[in-house]
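Here is the structure we will look at.
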Amino acid sequence: MRTPQSPAAAWWPWFYLGLFVPVAFPVLQNRLRAIDSLALAQLAAAAILLGLLYWWAVRSNAVGVFLYNLDVALSKASSAKVLLFVLCTLLLLVSSAAMLRFLDESITFTSALWQAWHWLADPSEMFNTLSPSLTVRTLACVTTVVGIVVFALLIGIVSDHIGEFVEGLRKGRAAIMEENHTIILNFNPKGIPIIIELLNAKESEGGGAIVILSDIPKLELEATIRDELGGDYKGSRVICRCGSTRSAHELSRLSLDTAKSVIVLATEHLGMSSSRGGTTLHTVLQVLEKLPPPVQRPDGDLVPAEGTPWIVIEVNSSTGHAVFSAIRHPAVKLVVTHELAGRVLLNAALQSSIGKAVTELVSFEGIEIYLQEVPELNGLQFHEILFAFDGAIPIGVADSRGTTINPKADRVLRGGEYVVVVAADDDTFRLRPNRLRRRQGRSVHRDALPPPLSYKPLLSTLFVNWHPEMRTLLQDFDALVSPGSSVTLFSRMTTTAMKRSLVGGGAGKLVLNNLSVKFCSEAVAELEALETLPLEEFDVVVVFAEQREGLSPDQLSAEQLRTLLLTRLLQSSKLATKRKGLPTNALPTQRDIQRDMAFLTDRRILVEAQNMGGEYLIDAVRQCEVINTNKIAASVLAQVSEQSLLSDIYRELLCGLEGSELYFKPVSRYVFSTEKCDWFEIRERAWAFSEIALGFQLAGEPRCTLDPSVTAACPSRLWHQDDRIFVLAEQL
């Protein structure tokens, strides 16, 4: 089968022949008279050879093959265009100079080359040709015209290179030249809260650099960040790069060897937990490959090599947790965000305002947790350290091997260990002059205090929307409530699908000792289905942030708000119906609603928000407690990236069923009803129960006071029976 001719093969020989004939024919006409028959035969043979060569080129499509190879060469490297331009220019110069030397033997080849360059570079030089020969002038004209084409090619090449350079700057292809910077790989809804927290952390240090690599176009990501932050970067720099986080080439441009920490966020694909883990795992392995291997200490423990950044990984599924736990690298720190968010929601279901207190504790704004090495305290027991600081409250001890939160009173602080404290900033607290003594005359005896009131509540709870880790939530909730408690699962999934999800994945049968589980399946879009539930009997209603494909975060928040308002209306309506004996479809009057509000305030509604807009929208209604779980998870990720040892501390404080956790406890646990005492004495009395008091919430106040500098100055007062103390304790 004959190969089709390239379009170029049809016209290019005739084009060059048309250029050659006007120049060559007069020369041949003058010289043929002096050539013998042998020379004519040689010229005829050369013409026949050229004709056969042209026929073969057309027949075999050699021109097309040449053009194809030229296209491949140009696509391999951007410098190929420049090389092609140089070769074309040299070929044109040499051929024009050779032809000029052939036409005028009186000039040297060097002079002919210079004259050809004049024709090529300056079109006006064509009119300055002094030779009377028509062939020389024709050669000058042809060389000038081809020169214009060549320089047009040069302008195009230069324009392309400048355009590629500017486009590279726009898309962020330049290598990062920073030190001690924080790198964020991937970008999901937690990205903006993480950036906000990091900017707050770096503000006290005079600013810093945050580098983001994701598959989102650079300009789009920069515009999103600028809109969310309002242009206020607090003295820091946010540098965006567009590329694949799984590409070794892209990662090599981020200056990993000089970074302070790397935060690897989970990529978001609805209902694809396994793929999320696989994508993030690929990114983590690529990062670890770029880092130096860990170093083994004399005691056998592995530690990161000097200058190695901490790798903070967001894990948002049980499967991902199992996978990443297998990575045995000392620089890797896991933050299990799904477990953290679930436990905060469960604790908030048990105790009001706990979500706001936790949000404030993990944020860089206000108080936070610091690790301070204090050699002056080495050799002292923890009960001697507990009251050793002004402006800070010690809560534990930590080193590279692990952390101990709320340790035993006789736990001795050893050299090289850190004191874990709660403080407003790392420069706002100091050792007290009388740090080794309690206050005189204030020795506390546990027998003299009110009896402890620890208990597990008996709750009837409604979970609205399906949570991806519902099985884990139910198991944790079962350990927090007393026998006889119940939970109703209300979801758009069918009852069969819900039951299958609870036992799926090879997890086996769900065993609950204290909880009984009920199922209610309805389309959440038809919220009237909530009327079928005894809403007035539920102690707590938890509305999870269910992610659904095709709905934006704002639309999901609007649906949650609609669920919230309808739940409150139906609670009041059902309560009024029970009291008055009205028909079930009768709506309550305004007086009925106001009369029943005292009862409904004990029927709490807890809404999980996952973006700032949704949090503000739902909180503005003032009908529920809103917890932004993405903000809490982002704060923990940012905190761990700044202080790696905080990973274990937050895991125990917020996620652990064993050990010490954060609770609100009634002030009557520490103070008699007719007794006056100050905050320092309450701390001492809490320690008598092996509890560490961190703050207090006065009756009627929406927030908890956690600032140690404020609480330390709290004067002696008569506490209200509804006041609560925020403590670190082993049980509720």
Side-chain angles (χ1 to χ4, degrees), residues 170-174 176 178 181-202 208-231 233 236-247 249-251 253-256 259-270 272-273 275-284 286-287 309 311-317 320 324 335 337-338 341 545 547 549 552-554 556 609-614 628-641:
R170 279 196 332 119
K171 293 185 176 181
R173 295 173 182 168
I176 300 298
E178 297 284 352
H181 55 291
T182 301
I183 300 174
I184 301 176
L185 301 179
N186 299 323
F187 203 81
N188 61 22
K190 300 180 184 67
I192 295 296
I194 288 177
I195 293 174
I196 294 174
E197 292 296 324
L198 290 175
L199 292 178
N200 291 331
K202 296 178 183 297
I210 302 171
V211 178
I212 305 170
L213 175 64
S214 73
D215 56 1
I216 303 176
K218 177 177 181 287
L219 297 181
E220 178 183 341
L221 184 56
E222 288 178 339
T224 301
I225 296 173
R226 186 168 52 250
D227 292 342
E228 292 290 340
L229 300 181
Y233 295 94
S236 296
R237 303 176 300 281
V238 179
I239 306 163
C240 300
R241 292 289 181 264
C242 180
S244 173
T245 58
R246 292 171 288 173
S247 169
H249 172 68
E250 297 290 347
L251 293 174
R253 299 189 294 118
L254 302 181
S255 297
L256 287 170
K260 179 179 182 179
S261 59
V262 179
I263 302 175
V264 184
L265 297 180
T267 52
E268 297 288 341
H269 299 289
L270 297 178
M272 300 291 289
S273 298
S275 67
R276 286 202 298 266
T279 302
T280 310
L281 178 63
H282 194 164
T283 300
V284 172
Q286 287 285 4
V287 172
I311 313 299
V312 184
I313 306 172
E314 178 199 1
V315 182
N316 60 357
S317 67
F324 288 111
V335 177
T337 55
H338 75 281
Q547 294 185 354
E549 193 172 2
S552 66
D554 292 337
L556 292 173
Q610 292 195 332
N611 65 340
M612 299 298 294
N628 190 336
T629 54
N630 271 351
K631 182 179 180 181
I632 295 176
S635 298
V636 173
L637 286 166
Q639 290 274 7
V640 175
S641 71

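Residue Leu637 holds its CG atom at 7.0 Å from OG1 of Thr337, rounded to the nearest 0.5 Å. Going from atom CZ of Arg246 over to atom OG1 of Thr283 covers 6.5 Å, rounded to the nearest 0.5 Å. Put simply, CD1 on Ile184 and OG1 on Thr245 are 13.0 Å apart, with the number rounded to the nearest 0.5 Å. Atom-to-atom distance recorded for Asn316:CG and Lys190:NZ is 6.0 Å, nearest 0.5 angstrom. Note that CD1 of Ile210 is 4.5 Å distant from CG of Leu198, once rounded to the nearest 0.5 Å. With values rounded to the nearest 0.5 angstrom, Glu197 atom CD is found 12.5 Å from Lys202 atom NZ.
Closest heavy-atom contact between Val238 and Tyr233: CG2-CD2, 3.5 Å. Considering every non-hydrogen atom in both Thr280 and Ala266, the closest pair reads OG1-CA, 3.7 Å. Taking both residues in full, the closest heavy atoms of Lys260 and Ser641 are given as CE-O, 4.5 Å, listed atom of the first, atom of the second, then distance. Taking each heavy atom of Glu228 and Ile192 in turn, the nearest pair found is CB-CG2, 3.8 Å. Considering every non-hydrogen atom in both Cys242 and Arg253, the closest pair reads O-NH2, 4.3 Å.
Using a cut-off of 4.0 Å between Lys/Arg side-chain N and Asp/Glu carboxylate O, Arg241 and Glu250 are scored as not salt-bridged. Taking 4.0 Å as the cut-off between side-chain N and carboxylate O, Glu178 and Arg237 count as a salt-bridged pair. With respect to the salt-bridge test (charged N to carboxylate O, under 4.0 angstrom), the residues Glu222 and Arg226 do not qualify.
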What verdict does the side chain to side chain contact (heavy atoms under 4.5 Å, CB included) test give for Ile195 and Phe187, after you've listed the backbone C-alpha separation in whole Å, the side-chain angles of each residue and the deciding distance to 0.1 Å? CA-CA 11 Å; Ile195 293 174; Phe187 203 81; 4.0 Å; yes
Can Ile225 and Ile212 be said to form a side chain to side chain contact (heavy atoms under 4.5 Å, CB included), step by step? CA-CA 11 Å; Ile225 296 173; Ile212 305 170; 3.6 Å; yes
Assess the residue pair Val335 and Val315 against the criterion (side chain to side chain contact (heavy atoms under 4.5 Å, CB included)); give the C-alpha distance rounded to whole Å, side-chain angles, the decisive distance to 0.1 Å, and a yes or no. CA-CA 6 Å; Val335 177; Val315 182; over 6 Å; no
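Between Leu265 and Ile194 the shortest side-chain heavy-atom distance falls below 4.5 Å.
No donor-acceptor pair under 3.5 Å is formed between the side chain of His181 and the backbone N or O of Leu256. Of the possible polar contacts, none joining the Ser261 side chain to the Thr182 backbone as a donor-acceptor pair under 3.5 Å is found. The closest donor-acceptor contact from the side chain of Ser236 to the backbone of Gly208 lies under 3.5 Å.
Tested against Val287, the residues Leu254, Ile311, Ile183 include a single side-chain contact (heavy atoms from CB on, under 4.5 Å) partner, Ile311. For the side-chain contact (heavy atoms from CB on, under 4.5 Å) criterion with Leu185, the lone passing option out of Leu251, Val284, Val211 is Leu251.
For Asn186 and Ser214, the side-chain atoms include no donor-acceptor pair closer than 3.5 Å.
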